[in-house]
Amino acid sequence: MAVHRIGIIGLGKIAQDQHLPVIKANPDFELLAVSSTRGLSHEDAKYTFQDYRELLKVPELDAVSICTPPQVRHQIAREALLAGKSVLLEKPPAATLSELEDLKALAAKTGKVVFTTWHAQYNKAVDEAKKALAGWSIKRLLVTWKEDVRHWHPGQQWIWEAGGFGVFDPGINALSIVTRIMPEPVFVKTSSLEFPANRDAPIAANLTLSMSHGQGDLQAVFDWRQTGPQTWDIEVETEAGLTLKLTHGGSCLEIGGRLMVQEEPAEYQGIYRRFDALLTIGHSEVDDAPFRLVADAFMVGKRLQVDAFED
C-alpha cells in the first residue's frame, strides 16, 4: 500500500503531544511538511513553513492535518481541498456548522477526503458501552466533565475568544461519546452558560438533555475550574436497571459495578488508522453530531456572568 505523505498545519500542544509521535510510529504515513506561524519545525519534516499557503504548494503532499484554533480552520481547509489535498480536522472541526457543511460539499466536489476527528470515540471502552446500550431505553444519563483550564490550556487566549468554545473545547469530547453510545439521538432541552466577566466564552455549563422517546433524567455538567483530581465521567442507567459508567475520559468502563475495560488511551493511533482507511478508499467521514449539540447549547443557552478569570 502507498504511504500517505502528510503535512501538519499548526504545531501547538495537541500536534506536538499526539499527532507528531503517532504519525512517526505509523508506517502508513510520512511526515513531509509542517507549518507554524511561530516558526516551529520538526526534525522529521522535509519542509518547514511559516505560511501554510506555501506548504499547500508542495506537489507531492497528499493530505494535511489541521491543528490550528477552530476560528481559522475553515479557510485553511478550503484552500487545502482546492489545492488537491485531503484534510484531517482536529476537534472541533470548524467555528460553525455552516463552515463544516461547506467543507463537506467542497470535498465531494474536489474528490478529496475530509475527516472530522473525535478522539474520545477511539477507545475500546466507548465501543463496548455502545454495544451494551444498544436497544435499551435510557432512564438516566449524567455527564460530569470537570478539569483545570490552567493546567490544560496554560496561557492560551483563543479558547476564551468568541468561536473558541470555552469549556466546550473539552466538553465536546464528552458529547462525542454521548452521541456515539446512546441508542437514540439526544437533544439539548435547556442550557445555562457561565461566562467570566472578562471573557467571551463560557467557563462552565449545565445542560438538560432529552430524547424522542421516554422521560429520562439526562444531565451534563461542564466546569473548567476544578483543581486537584480531574473528572471525566459518564454514567448511564437503563429502564431495565442496567448501570454503566465510563471514566478517565472514556478509557475505562464499568457495567453493573464490574470493571470491564481498563486500557491506556490510544485515541490518536485509532484516528490515523481510520484516516489511512478513508484515504485508501477515497471516502470522507464528517460526523457533526457532537458539534450540533454544542451549537444548540449556545442557541438555547441562558447566559450567566461569573467572576472574572485570570490566567
Side-chain angles (χ1 to χ4, degrees), residues 1-10 14-15 17-35 44-45 52 55-56 58-68 70 73-95 97-124 126-127 130-131 172-173 175-177 179-181 250 265-292:
M1 301 297 288
V3 173
H4 310 295
R5 294 157 299 185
I6 195 167
I8 294 182
I9 299 175
I14 197 65
D17 290 353
Q18 298 290 347
H19 292 264
L20 288 168
V22 168
I23 290 171
K24 185 180 181 68
N26 189 324
D28 295 315
F29 289 90
E30 174 192 348
L31 180 66
L32 189 64
V34 296
S35 171
D44 294 337
Y52 72 87
L55 179 146
L56 295 177
V58 176
E60 61 267 39
L61 194 68
D62 300 314
V64 293
S65 292
I66 302 178
C67 304
T68 65
R73 283 194 192 132
H74 175 244
Q75 183 62 33
I76 295 172
R78 274 193 63 88
E79 293 184 36
L81 291 169
L82 291 171
K85 320 301 182 187
S86 291
V87 171
L88 180 153
L89 296 167
E90 249 296 346
K91 61 86 194 169
L97 282 164
S98 296
E99 289 181 350
L100 183 57
E101 191 65 24
D102 179 61
L103 295 178
K104 181 179 177 180
L106 185 57
K109 182 177 179 180
T110 59
K112 293 300 171 181
V113 172
V114 165
F115 178 33
T116 54
T117 60
W118 305 104
H119 63 79
Q121 293 181 348
Y122 289 82
N123 285 292
K124 180 181 178 181
V126 174
D127 287 336
K130 177 180 175 64
K131 294 175 186 176
I172 204 169
N173 297 330
L175 295 175
S176 75
I177 295 175
T179 59
R180 175 78 174 160
I181 69 173
E267 299 170 346
Y268 281 82
Q269 289 87 339
I271 283 173
Y272 276 92
R273 284 195 297 270
R274 183 60 179 162
F275 196 33
D276 169 46
L278 294 172
L279 290 171
T280 300
I281 63 175
H283 179 72
S284 290
E285 188 168 278
V286 178
D287 174 13
D288 66 0
F291 202 17
R292 284 188 282 108

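Predicted model, so just to flag it, every value in this text is computed and none were measured. Positions are given from 1, in the same order as the sequence printed here.
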Grab the two heavy atoms, one from P290 and one from S176, that are nearest each other, plus how far apart they are. CG-CA, 3.6 Å
Check whether any side-chain heavy atom of L89 sits under 4.5 Å from a side-chain heavy atom of L100, and report yes or no. yes
Return the set of residues passing side chain to side chain donor-acceptor pair (under 3.5 Å) with Q269 (not counting sequence neighbours), or none when no residue passes. none
CD1 of I8 to CG of L20, rounded to nearest 0.5 Å, is 4.0 Å
Inter- and intrachain pairs under salt bridge (Lys or Arg N to Asp or Glu O under 4.0 Å), touching residues 73-94, at least two apart: R53-E79, R78-D102, K91-D169
Would you name the heavy atoms of A94 and E99 that are closest together and state the gap between them? CB-OE1, 3.6 Å
State the CD1-OH distance between I177 and Y122, to the nearest 0.5 angstrom. 13.0 Å
Nearest non-hydrogen partners of G250 and V126, listed with the distance: O-CG2, 3.6 Å
Decide yes or no for W118 and I172: does some side-chain heavy atom of the first lie under 4.5 Å from some side-chain heavy atom of the second? yes
Looking at side-chain heavy atoms only, is the closest gap between L88 and Y272 below 4.5 Å? yes
Determine the minimum heavy-atom distance between T116 and P93, stating which atoms define it. CG2-CB, 3.8 Å
Rounded to the nearest 0.5 Å, what's the gap from CG on N26 to CG on L31? Could you check? 12.0 Å
Test item: L279 and D62 side chains (from C-beta on) under 4.5 Å apart, heavy atoms: no
Test item: I66 and Y52 side chains (from C-beta on) under 4.5 Å apart, heavy atoms: no
Kindly indicate, with the supporting measurements, whether the criterion side chain to side chain contact (heavy atoms under 4.5 Å, CB included) is fulfilled by L97 and R292. CA-CA 7 Å; L97 282 164; R292 284 188 282 108; 3.7 Å; yes
Under a 4.5 Å cut-off applied to non-hydrogen side-chain atoms, are D287 and Q121 in contact? yes
Looking at V114, is its backbone amide N or carbonyl O close enough to the side chain of S284 to form a donor-acceptor pair, meaning the two atoms are under 3.5 Å apart? yes
Working to the nearest 0.5 Å, report the span between CG of L82 and CG of L106. 5.0 Å
Can you tell if the side chain of T68 reaches within under 4.5 Å of the side chain of I76, non-hydrogen atoms only? yes
On the 0 to 90° scale, with breaks at 30° and 60°, tag the Y268-H19 ring pair as parallel, tilted or perpendicular. perpendicular
Closest non-hydrogen atom pair, V3 against E30: CG1-N, 3.5 Å
Any side-chain heavy atom of E285 sitting closer than 4.5 Å to one from V113? no
Just how far is it from atom NE2 of H4 to atom CG of L32, taken to the nearest 0.5 Å? 14.0 Å
From I6 CD1 over to S65 OG, what is the distance, rounded to the nearest 0.5 angstrom? 3.5 Å
Considering all heavy atoms of both residues, which atom of A107 and which atom of L81 are nearest to each other, and what is their separation? N-CD1, 4.0 Å
